[in-house]
Amino acid sequence: MNLQLMLIVSAALFSLGLFAVITRRNAIGVLMGVELILNSANINFIAFSRSGIWNVTGDIFALFVIVIAAAEAAVALAIVLNLYYNFKAINVDEASELGG
Amino acid sequence: MESQFILAIIILFIPLVSFVGNIFFGKRLSRGGDWFSISTVGIGLLLSVILFFQMIFDYTVPEMADAQILFNWVNLGAFKIELGLLVDNQARIMLLIVSLVSFLVHIYSTEYMKDDPRYSRYFAFLSLFTFSMYGIVISASLFMIYIFWELVGLSSYLLIGFWFEKKSAADAGKKAFITNRIGDIGMFAGIMLITSHVGSFAFSEIYTGVADMNTTILTIGGILLFLGAVGKSAQFPLHVWLPDAMEGPTPVSALIHAATMVAAGVYLVLRIFPILTPEAAMVIAYTGGFTAFGAAIIALTQNDIKRVLAYSTVSQLGYMVMAIGVGSYTAGLFHLMTHAWFKACLFLGSGSVIHAMHHALHKVGDHETDPQDMRNMGGLKSKMPKTFWTFLIATVAIAGVPLTSGFMSKDAILGGTLAYAMQNPAHLLLPVFGFGAALMTAFYMFRQVFMTFYGKPANEEVHQNVHENPSTMTIPLIVLSSMSIFVFYAFGKGFHFNFAHGWFQDLVPVPHNLTQSMTGFLHHLEHSIHVAHYPAMAISVVIAGFGIFLAWLVYFKKKISAENMATKMALGYKLSFNKFFIDEIYQKRIIDPFLWLCRKIYWFDYNILDQKVIDGFGRLSILGSKVAKTFDDVVIDNWIVDGFGRATLLIGRKLRRLQTGKLQQYLAMAIVGVVILAFLEKLM
C-alpha cells in the first residue's frame, strides 16, 4: 500500500472534518466533523504502522481512539441536548452569551 | 592657691554678680538696687585695700612666676591658650585705683543720677564696667586681656551712650566704639604676630619667647600692640572719641575717662614693655609726646568745663605714654595713679558744678543756657566751698605745683624725657613737648578755676540759686583730693619718710626681663636720669608757676584781654578752638569718602547684585520652570503617559472585536495562526 496515498486520504479527511467543525451551524454537524478528524488520525496511525518505516505500532491507538470517540460522542451529545434545553436550538452561533 | 589669687578672683567676679543682679532684678529692689552695686564694689574695694597693704608690708618685688597662676584653656600641642591671674605689684596698685574710684563714683552717682528713669540699669552698667576693668588689670595672658579689653569697649559704649535719647550721646557712644575698634584691629594683629612666634599667650612665656625673634618683626609687633593702647588711651590720631564721650553722665566720665578705661591703654603698654625694642619705644614716645602737646593746645581755648578736662585727660595720657616710651616705666605708672586721683576729683568736681548749675537754671526757668559752659559760671567759690577747695587742690596737683602728687609724677616723667634727649640729642623735641604741655596744663587748668569759681557771676539770679551739693557728692571729692597730697607717696620701707624715693619707686621697678637691645639702651640712660632729675624739677616748677601766673593775669586780674590775644593770634586760636579741625578732616577725608564708597557699594549691591543677578536667577529659574512644566505637561504627561493609555485603549477597542464568543471563529483563527506559524517556521 502506498503510504503517501493513505496520508493524502487522511489529510483530506482531516480537512473536511475541520471545515465541518468551522462552518457547520448545527452542533450535530460539528460533532460529525470532530469524528472525521479523529478518524483521519486513526488512518494515520494505521498507515504508519503498516508501512513499517519507523517500526511504530500505532495501530493499537486506533482502537483507543475509536473507544474514546464513542465516549466523546456520548458526552458531546449530552452537551448538545443541554444546549438545546437552554437555547431551544442546536445552532452553535446562537450560544454566544460571551462576546466582546 | 595662695590668698592673693583667691582675693583677686573674688574682686574680679563680685561686680559681675551685681551686674547680673541689677540688670534682671534692679527695678524690683528698693532704691533701684544701688545699694547692691555699692556694697559689691565696696567689698571689692576692701579686698583691694587688703591686697595693697599686703604689698606695702611685704615690701618686695615678687618674681613673675610667684605672682601668677596659669591654666591652659585650650591646648593644641604647639599652640595653647592660657588664662590666668597675674597679681604683681602693678596689678595691686591698679586694683586699688580702679576699685576706689569706682566705689566713689558709685556713691557720687546715687545723687547725680537720682531722678534718672534708668537708674538701676546705670548701676548695672557701672558694675559691668568695673568687672571688665578688673579683668584687664589681673590678666596674665594677652588673650585674656583682649577679652576684657573688648568688654571694656562694650561697657564704655553703653555708659557713654547712656542718655541715648540725645542724638549726640548716641553718636558719641558709636564714635568711641568704632574708634576703639580701629585700634583693636592693630592690637589683634600684634597679638597674632607675637603669639605665632612664641606659641603662647601668657606674658611670662612671651617675655622669654621673643628673645630669638627678628628685631624688625618684634618692633612691628610692639607697635601693633601699642595701637590698641592708642585707641583705648585716646592717643593721636585716635583721640577723637574721648572729648565726644563727655556726652555721657559726668560720673561716668570720671570713672572711664580719668581713672580706668583710658588707663587700660597705658597699662597695656606697661604689660608689653618687656617685649618693646628701642625703636618701638621711640614710636610710642613720640606718639605720647605729640598727643600731650597737641591736646594741651586744644584745651587752652575750650569753654565747656568738661571738654577742657577731656583734652587735659588726653594730654596727661600722652604724658604717661611718652614716659613709658622713653623708658621711665615707673614714672608712667606713677603718673597713671596720681592722675587717676586728681582727674577723677576734677571730673566729679565739674559734675558737682554742672549739677548745681543745672538745678539753679531749672529753678529760674532758664532752659536755654548751657550749664556746662564756663562763660555762664563765675563766682561759684562762695556758693560751693567744698567743691571749690577740692577742685583747687586737684588743679594744683595737675599743674605740678610742689608738695602735690602731680608734681612728683610729672617731674619724674619730665626728668625721663630730658634724660632721653640728653642721651640722644636728636630727640630734643620730646622734652620740648613735655615742658610745653606742662606750661599749658598749668595755664588752662587755672583758667578753668578762675572762670568757674572767681570773677563776677554771669547771671546774678542763677548765681543766687546755686547751692552746694549733698555729702554723697562732696565726700568722694574730699577723699580724692586728699589723695593728691604728697605724703601718701613719700614714705619708704617701714613708713620712713623719703620724699624723693618712696614706696612706689621701690615696688614698681623697671622689669629686668627686657629685650636685649632695650636693656642696653636703658643702661646707658641711667646716668642721664640722675643728671637730668634736678634740672627737670627746677624747670617744671618755674614753668608751672609761669603758667599759673599767666592765667592769673588773663582771667583773674584781666590785665591781658583774652579776646585781644585771640585776635592777635587768630590762626592759632582758630586751630586750637576747632581742635585742629581733626574731626572735620576725618569727616571730609575719611568718613565722607568711606560713606560715599559705602553708598556706591550699596547701589551696586542693590541694583546689580540684588536686582540683576539674584533676581535674575529668580526670573531665570521661573522661566526654566515654565519650560520644564510645559515639557512635562505636553511631552511626558500628554504624549508618553497618556499616549500609552490611549494606545492601550485603542488597541483594546480594536481587539475587542475579536472576542465574538463564537467558538468556530476562534478555532478558525487558531488554525490560521497555526498555519502562519508553520509558514514562519519554514521560512526561518
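Since this is a predicted model, take the numbers as computed values, not measurements.
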Next item on the list: Give a yes or no on whether Tyr146(B) atom OH has more than 12 heavy-atom contacts from other residues, nucleotides or ligands under 6.0 Å away.
Entry: yes

Check: Is it true that atom CZ of Phe71(B) has more than 12 heavy atoms of other residues, nucleotides or ligands lying nearer than 6.0 Å?
Finding: yes

Next item on the list: Examine whether an atom of Leu658(B) lies under 4.5 Å from a heavy atom of chain A, and if so say whether it belongs to the side chain, the backbone or both; otherwise answer neither.
Entry: neither

Check: Counting only heavy atoms not in Phe177(B), do more than 12 fall under 6.0 Å of its CZ?
Finding: yes

Margin query: Other residues, nucleotides and ligands only: do more than 12 of their heavy atoms fall within 6.0 Å of CZ on Arg118(B)?
Written below: yes

Notebook entry, point to check: Are more than 12 heavy atoms from other residues, nucleotides or ligands located less than 6.0 Å from atom CZ of Arg50(A)?
Noted result: no

Margin query: Filter on salt bridge (Lys or Arg N to Asp or Glu O under 4.0 Å), then keep only pairs touching residues 591-617 of chain B, sequence neighbours left out; what's left?
Written below: none

Next item on the list: Heavy atoms only: give me the nearest Val30(A)-Gln664(B) pair and the separation to one decimal.
Entry: CG2-NE2, 3.4 Å

Note to self: Give the interface residues of residues 9-21 of chain A toward chain B, defined by a heavy-atom separation under 4.5 Å.
What the structure shows: Leu18(A), Val21(A)

Notebook entry, point to check: Is the number of heavy atoms from other residues, nucleotides or ligands under 6.0 Å of Lys629(B) NZ greater than 12?
Noted result: no

